[in-house]
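Each ligand, and each atom within it, is numbered from 1 in the order the structure gives. Model, not experiment: these values are computed from the prediction.
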Amino acid sequence: MSRRGELDAIVVGGGAIGAALALGLARDGFDVALVEARAPKPWRADDDVDLRVVALAADARALFEDLGVWTAIAGGRIGPYRRMRVWDALAPGELAFDAAENGEAALGWIIENALIQHALWNALGAGTHARVLCPAEVAGVENDDDGIVAMLAEGTRLRARVLVAADGAGSPLRSALGIGCDDRDYAQRAVVANVATARAHEDTAWQRFLPGGPLAFLPLADGRSSIVWSLPNDEAARVLALDDAAFRAELGAAFDFRLGEITASTQRAAFPLRLRLAKRYVAGRAVLAGDAAHVVHPLAGQGMNLGFRDVACLRRVLRDARDRGADIGAAHVLRRYERERRSENALAARGLDAIGRLFAARDPVTPALRGFGLAAVNHLAPVKHLFASIAAGRS
Ligand SMILES: Cc1cc2nc3c(=O)[nH]c(=O)nc-3n(C[C@H](O)[C@H](O)[C@H](O)COP(=O)(O)OP(=O)(O)OC[C@H]3O[C@@H](n4cnc5c(N)ncnc54)[C@H](O)[C@@H]3O)c2cc1C
């Protein structure tokens with residue numbers, strides 16, 4: 001710990017983003033405390049594949065390698081996706097991406113959220129200088145001129161030069177810091193399940209746009225697919241209540257039987273979908289990262305990818321400040337992070353929002369336009385490569 005028992009950084013929230021950040025800052029030589037309210041869900045190789053998975057791109061892998069957790073994650077249970085196919089229920093045309101076109105083995109990987117958190121927490125527990133406080137809840141924060149204090153619910157006070165709120169989409173700290181959001185309820189829920197299909201998934205991430213929302217099939221390592229089916233709230237409630245046979249029949253039809261019949265399915269879960277963008281990322285010596293700063297539609301699997309880019313950026317900015325002998329919690333330092341990340345995150349969120357709206361439009365003209373758009377993009381090599389680069393995290 002630095003002067004007067006003060007930490008360099010407090011990270012609140014030990015989800016994937018907070019845990020990666022705490023580990024990264026500790027590896028960078030900062031004194032860090034990670035405060036998490038709930039112990040992470042255990043991940044065991046013998047358990048069935050968890051319902052919560054994410055599609056992560058190349059730059060997330062680079063971060064994991066840098067943090068020394070990629071071997072543990074890759075040795076766990078991950079499904080590479082080598083191709084992507086995107087098509088529309090109402091119009092012709094298809095977008096096709098292939099990792100081989102860019103000379104790469106995979107566009108990305110489908111990984112269980114619990115495995116990511118498990119690997120990060122194991123690494124945090126193995127000889128880093130991060131202090132992990134769990135279960136412990138931050139009840140409030142106090143900024144002053146040369147430090148910030150996190151007040152834990154049980155009475156402990158932690159003082160640091162900077163505090164990062166990585167406390168998720170509902171971020172109690174974001175509200176406590178007086179940071180407002182642009183917020184829109186999509187009135188949709190994403191229904192998730194793991195399913196077996198008659199035909200092999202071919203290491204391909206498939207997405208079909210339907211009028212009610214997109215339906216994705218993501219390839220799991222065990223040959224099944226993880227589905228993310230975005231539906232209007234009432235439809236989601238109906239689909240959740242179907243018996244297994246009816247669910248499989250409806251899902252197969254909604255997916256145009258692209259992988260044949262759905263032959264088995266697990267239990268289902270659903271997550272409400274919102275667009276939520278924090279109006280600023282900095283309040284005094286506190287900054288937002290991950291879902292606390294931006295919640296996006298899952299249609300292109302970008303939420304956690306964007307959060308990991310927050311992590312990489314914040315580490316770089318704090319390291320640079322330290323190397324210059326500057327105060328790592330100074331306003332001009334934290335604003336540099338805000339400037340870089342807020343614009344990229346907002347652009348991604350608005351782009352996803354626009355795509356979602358375009359494909360949800362029910363008027364007779366729009367389907368023709370978007371069909372033309374998909375076909376055109378697929379035949380314009382430079383534009384397509386740009387799309388593929390963004391999807392693969394090389395933007
Ligand atoms: C259906 C669905 C599919 C998705 N698919 C993808 C995908 O394919 N690719 C992708 O990149 N992203 C995807 N996402 C988004 C991704 O899941 C999120 O962006 C990511 O999980 C956010 O991580 P986080 O660490 O910011 O937040 P969280 O995982 O929510 O972690 C926040 C943590 O903070 C803790 N906490 C909260 N308050 C306090 C407090 N006061 N004190 C202490 N601790 C506190 C919580 O207990 C929690 O552990 C998807 C999301 C959904 C809903």
Side-chain angles (χ1 to χ4, degrees), residues 10-22 33-41 50-57 59-60 63 79 81 84 108-114 116-117 120-121 132-141 150-154 158 163-177 186 188-193 205 207 213-219 226-231 236 268-274 276 278 288-311 345 348-349 352 391 393:
I10 300 164
V11 179
V12 184
I17 302 308
L21 182 62
L34 174 68
V35 187
E36 166 56 54
R38 288 189 308 270
K41 191 172 166 182
D50 196 55
L51 289 184
R52 290 297 310 270
V53 304
V54 282
L56 291 182
D59 58 353
L63 176 67
Y81 61 99
M84 272 170 29
W109 298 267
I110 309 300
I111 315 179
E112 288 157 81
N113 293 30
I116 296 168
Q117 208 184 9
L120 291 168
W121 276 64
V132 178
L133 294 106
C134 177
E137 199 166 332
V138 173
V141 289
M151 280 133 357
L152 305 195
E154 34 74 13
L158 295 173
L163 177 143
V164 185
D167 51 347
S171 182
L173 281 189
R174 187 183 56 223
S175 322
L177 291 163
Y186 282 115
Q188 281 181 337
R189 287 207 281 165
V191 174
V192 300
Q207 179 146 274
L215 167 60
F217 273 53
L218 306 174
S226 158
I227 64 125
V228 184
W229 192 0
S230 303
L231 289 161
R268 290 151 241 162
F271 301 90
L273 301 182
R274 312 188 72 85
R276 189 179 272 158
L288 308 181
D291 274 21
H294 44 79
V295 180
V296 302
H297 197 291
L299 72 85
Q302 286 301 301
M304 194 181 287
N305 284 294
L306 294 172
F308 284 138
R309 288 181 214 164
D310 296 347
V311 169
N345 290 329
L352 297 174

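Heavy atoms of A136 approach ligand 1 to within less than 4.0 angstrom. In this structure, G307 has no heavy atom closer than 4.0 Å to ligand 1. For R52, the heavy-atom gap to ligand 1 drops under 4.0 angstrom.
The A190 neighbourhood of ligand 1 comprises atoms 1 (C), with distances under 4.0 Å to a heavy atom of that residue. Of all atoms in ligand 1, numbered sequentially from 1 with element shown, those under 4.0 Å from a heavy atom of G290 are 26 (O). Applying the 4.0 Å criterion to heavy atoms of V35 picks out, from ligand 1, the atoms 43 (C), 44 (N). Listed by atom number, the atoms of ligand 1 under 4.0 Å from A166 heavy atoms are 32 (C), 33 (C), 34 (O). Numbered from 1 in the order shown, with element, the atoms of ligand 1 that lie under 4.0 Å from a heavy atom of R38 read 47 (O). Near A16, with a cut-off below 4.0 Å to any heavy atom, the atoms of ligand 1 are 25 (O).
Of all the heavy atoms of L173, none lies under 4.0 Å from any atom of ligand 1, so neither backbone nor side chain is involved.
Checking only distances, F271 never comes within under 3.5 Å of ligand 1, N or O to N or O.
Judged by distance alone, the side chain of D50 and the main-chain N or O of E112 form no donor-acceptor pair under 3.5 Å. The main-chain N or O of P214 is never found under 3.5 Å from a side-chain atom of Q207 such that the two would form a donor-acceptor pair. For R276 (side chain) and V295 (main-chain N/O), no donor-acceptor pair under 3.5 Å exists by modelled atom type. When atom types are taken as modelled, the side chain of Q117 and the backbone of G14 share a donor-acceptor pair closer than 3.5 angstrom.
Ranking the protein heavy atoms by distance from atom 3 (C) of ligand 1 puts P298 CB, 3.7 Å first. The protein atom (non-hydrogen) at minimum distance from atom 44 (N) of ligand 1 is A37 N, 3.2 Å. Closest to atom 39 (C) of ligand 1, if we only count protein heavy atoms, is D167 CB, 4.0 Å. For atom 20 (C) of ligand 1, the closest non-hydrogen atom on the protein side is M304 CE, 3.9 Å. Looking only at protein heavy atoms, the nearest one to atom 23 (O) of ligand 1 is I17 CG1, 3.8 Å. Regarding atom 6 (C) of ligand 1, its nearest protein heavy-atom neighbour is V54 CG1, 3.5 Å. Given atom 26 (O) of ligand 1, the protein heavy atom at minimum distance is D291 N, 3.0 Å. The protein heavy atom nearest to atom 42 (N) of ligand 1 is V138 N, 3.1 Å.
Put simply, the side chain of I110 reaches to within 4.5 Å of the side chain of Y81, judged on heavy atoms.
Under the ring pair (Phe, Tyr, Trp, His ring centres under 6.0 Å) criterion, Y186 pairs with H297, not counting sequence neighbours.
Note that the CG atom of L21 and the CZ atom of F308 stand 10.5 Å from one another [nearest 0.5 Å].
Scanning all heavy atoms of the two residues, the minimum distance from G290 to D310 falls at N-OD2, 3.0 Å.
Of the candidates G15, G140, G168, the one placing a heavy atom closest to atom 27 (O) of ligand 1 is G168.
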